[in-house]
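Everything below concerns the one structure shown next.
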Protein chains: 2
Amino acid sequence: MRNIPSNRFDDGRGSAVRISDVARHAGVSPSTVSYVLSGKRSISESTTRRVRESIEALGYQPHAGARSLASRRTNVIALVVPLRDDVHVPVAMRFAVSVVTAARTHDHDVLLLTQGEGPDGLRRVAGSAMVDGVIVMDVEADDARVPVLRSLDLPSVLIGVPEDTAGLTCIDLDFAAAGALCVDHLADRGHTDIAFVGQPPSVYQRRTGFAERTLTGFESAAARRGVRATPHPCSPDTADEVAGALLRDRPGLTGLIVHNEPSVGPLLEAFTEHGRTAPDLSTVVIGPAPAGLPKLTSVDLPAEELGGRAVGLLMDKIDGLGEPGTTLLEPGLTDRGSTARRA
Amino acid sequence: MRNIPSNRFDDGRGSAVRISDVARHAGVSPSTVSYVLSGKRSISESTTRRVRESIEALGYQPHAGARSLASRRTNVIALVVPLRDDVHVPVAMRFAVSVVTAARTHDHDVLLLTQGEGPDGLRRVAGSAMVDGVIVMDVEADDARVPVLRSLDLPSVLIGVPEDTAGLTCIDLDFAAAGALCVDHLADRGHTDIAFVGQPPSVYQRRTGFAERTLTGFESAAARRGVRATPHPCSPDTADEVAGALLRDRPGLTGLIVHNEPSVGPLLEAFTEHGRTAPDLSTVVIGPAPAGLPKLTSVDLPAEELGGRAVGLLMDKIDGLGEPGTTLLEPGLTDRGSTARRA
DNA sequence: TTGAAAGCGCTAACAC
DNA sequence: GTGTTAGCGCTTTCAA
């Protein structure tokens, strides 16, 4: 019915300018345009300039599918984000955003996979060549995705550390050191009776790496320093309960290590109501301190750095560089005054 | 250096089984395999079965890039998630997860775009044909992405409603009705002095659709019902301040409408400390009630339904179905006992 | 109901 | 330093 011949703005894509259009416009061959774009061949400055001008003039954007078919590279990475209800969403989101941001600086996009699909999601995106690599978060000691990752020959980086790291590239905060750092900080200030308020029980039950390692670090440091130290799993709903139990059963308590973001508020309120504040009670938090709360001494979780470095490691693997191995970031403790020398 | 001929497990993809391998194995042509997969042609039952068995036996997974090149369909949608620090992250994440889950039921994956790239991100993924459509969240009244969307001829759905909706497909909770519903609920119970604790000031400044419309609904309902009603923007850091100001300046206050998830806790604590609880003070929340708090009467934000329906609308648009238009979900108020008839 | 074959738009090996 | 061209693996006419 249409008598107007179809033109390059008429095909359903925003712009159907192809590489051959650019080549013609610049008076070069398509491969030259391709090489200007990829930098895989040295091109004279004048040609480069002409090509770039033509790209600009025509608004050329390479077709991602064609590119991936020809080059076996998609410039997309997958990110598996946790969505269990026992993970702290804002922290997960900080990781996700830092991964996306870092990926963009490496000219990659991010495909979002949820944990719901489990190992099958990995098989699917790998098998259909949708992504160049994958970043997996919230890794458990005996994670079902790890064997799949091993069998897939898809470049991958884990944010978190499973039990058996053979052949894997992992990065995480050194949570064991973080737990120990908190104990040492308090023990150095004379505290001998310390409680560790941790993650929800389910997190330990599924043996989530970071939680398990923090607890281990806490316990061995406590043993080393000879302080009384007890672990208390805790979820937001049970924060008041846990606080009540501590207030009732542990009158001598002077140190509190909280490795549970959303419970910090309720916990401290409960203690405050009973007149237990600094310097009578010293508190250290592992993780980002919630907004709206007084500043607390804490071991910060460097989510942005972890996400960025995970992407960097993955890019190296995609390029065939880098060795498998585990990187643990040294924790740092920032004193914000919520801990004090014991009276 | 290798003397072993490359086989289908040897090329860097997990499996390099191609459609021609399946065709040979099943004794049919490649196109028949394609049609079995797409259902775009009727195939005899016996052929269908043989093809499916071969696919299964060989573990065939179509190459996404090749498919998108040939069919002009990627089976990927983009999702633009907000990452401003004034948006409530857990709610944003609920949307994201429901979008991913719904997209998977339509055989699509989700590419994660952050607001950071703004309109350019949309141009990029559209221009390089990476996605079949896009879902945009956190829409402002005069959103810079809207004109881009209009110019792009990329199927899109907005979760949220800009000022000018011409040609757009939008879906959201009817926040104006939600605001009015809360006022009516309180006015019906004899309350004549009501405060509306809203989003952070910046949210109104950038004219975020849902915040603006809730406030409008609140104010016009208050005028209609002839009750004293004042708006109070609020961020988590200023919750205590806002509570203090209300306690000081509004002794006659008996009704509280809170449209600010993270501030609910601090706010209610402040009031409770001054003995202001139900039935003396009636509280309605708009949004999901935070875990760990007593049950509150609320107008729930149906994030899962919104996300799922947004994907449904987008799939229709991708298939060339459906008309532009705005869908507003009717809000529902669930009475959980935090409101009472005025003494 | 099925097959043959022509692209889809790009990259990279090969040629100069 | 640059051009020619053979695919990459799939979908979809066209033909039977």
Side-chain angles (χ1 to χ4, degrees), chain A residues 6 8 10-51 54-55 58-75 127-130 132, chain B residues 6 8 10-51 54-55 58-76 107 127-130 132:
Chain A
S6 82
R8 67 178 214 274
D10 200 17
D11 79 328
R13 270 225 283 156
S15 134
V17 181
R18 288 145 306 164
I19 199 169
S20 56
D21 298 319
V22 176
R24 196 174 316 116
H25 187 273
V28 298
S29 74
S31 63
T32 296
V33 178
S34 175
Y35 285 121
V36 166
L37 251 20
S38 70
K40 290 185 179 173
R41 180 192 256 188
S42 66
I43 306 278
S44 77
E45 187 162 331
S46 67
T47 302
T48 301
R49 191 171 32 68
R50 278 208 326 286
V51 168
S54 297
I55 288 173
L58 301 181
Y60 170 66
Q61 294 183 265
H63 187 287
R67 179 173 265 186
S68 91
L69 179 56
S71 70
R72 316 196 136 265
R73 286 276 228 126
T74 63
N75 278 37
S128 56
M130 297 186 74
D132 297 333
Chain B
S6 80
R8 67 178 215 276
D10 201 17
D11 79 328
R13 270 223 285 155
S15 134
V17 182
R18 288 145 307 167
I19 199 169
S20 57
D21 298 319
V22 175
R24 196 174 317 116
H25 187 274
V28 298
S29 73
S31 62
T32 296
V33 177
S34 176
Y35 283 120
V36 165
L37 251 21
S38 69
K40 290 184 180 174
R41 179 190 258 188
S42 68
I43 305 279
S44 76
E45 187 162 331
S46 68
T47 302
T48 300
R49 192 169 32 68
R50 279 209 323 287
V51 168
S54 297
I55 287 173
L58 301 181
Y60 170 65
Q61 294 183 264
H63 187 286
R67 179 172 264 187
S68 90
L69 179 56
S71 70
R72 316 195 137 265
R73 286 272 230 131
T74 63
N75 277 37
V76 175
D107 197 31
S128 57
M130 297 186 75
D132 298 331

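Scope of the values below: all heavy atoms of this structure, side chains included, with no hydrogens, waters or symmetry mates. These numbers were taken from a predicted model, which means no experiment stands behind them. Just so we're on the same page: letters track the sequence lines, and every chain starts at 1.
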Legend entry - Side chain Arg41(B) and base dT12(D) donor-acceptor under 3.5 Å: no
Legend entry - Heavy-atom donor-acceptor pair, Ser38(A) side-chain to dT11(C) base, under 3.5 Å: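 Check fails, no donor-acceptor contact within cut-off.
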Gap between atoms [atom1] and [atom2], on [X] and [N] respectively (whole Å):
X         : N       : atom1 : atom2 : value
Ile19(A)  : dG3(D)  : CD1   : P     : 12 Å
Lys40(B)  : dT11(D) : NZ    : P     : 8 Å
Tyr35(B)  : dA5(C)  : OH    : C1'   : 12 Å
Leu69(A)  : dT11(C) : CG    : C1'   : 10 Å
Arg72(A)  : dT11(C) : CZ    : C1'   : 12 Å
Leu37(A)  : dG9(C)  : CG    : P     : 16 Å
Arg67(B)  : dC8(D)  : CZ    : P     : 19 Å
Met130(A) : dC10(D) : CE    : P     : 14 Å

Legend entry - Donor-acceptor pair between Ser29(A) and Thr32(A) side chains, under 3.5 angstrom: yes
For the [atom1] atom of [X] and the [atom2] atom of [Y], what is their distance to the nearest 0.5 Å?
X         : Y        : atom1 : atom2 : value
Arg67(A)  : Leu69(A) : CZ    : CG    : 13.0 Å
Arg73(B)  : Ser68(B) : CZ    : OG    : 11.5 Å
Ser31(A)  : Ile43(A) : OG    : CD1   : 7.5 Å
Ile19(A)  : Leu58(A) : CD1   : CG    : 12.0 Å
Met130(B) : Thr74(A) : CE    : OG1   : 7.5 Å

Checking contacts here: which listed nucleotide ([options]) is nearest the side-chain heavy atoms of [X]?
X        : options                  : result
Thr32(B) : dT1(C), dT2(C), dC10(C)  : dT2(C)
His63(A) : dT2(D), dG9(C), dT11(C)  : dG9(C)
Ala70(B) : dT11(C), dG9(D), dC14(D) : dG9(D)
Arg18(B) : dT2(C), dC10(C), dC10(D) : dC10(D)
Ala66(A) : dC8(D), dT11(D), dG9(C)  : dG9(C)

Which is true for [X] with a 4.0 Å heavy-atom rule: it touches a base, it touches only sugar-phosphate, or it touches nothing?
X        : answer
Ser31(A) : base
Ser68(A) : nothing
Ser34(B) : base

Legend entry - Which residue lies more 5' along DNA chain C, comparing Thr47(B) with Ser71(B) via nearest heavy atoms: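 First, find each residue's nearest nucleotide; the 5'-ward one identifies Thr47(B).
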Legend entry - Phosphate-side-chain proximity, Ser44(B) and dT2(C), N/O vs OP1/OP2 below 4.0 Å: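 Checking dT2(C) against Ser44(B), a side-chain N or O does come within under 4.0 Å of OP1 or OP2.
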Legend entry - Side-chain N,O (Ser29(B)) to OP1/OP2 (dA4(C)) below 4.0 Å: no
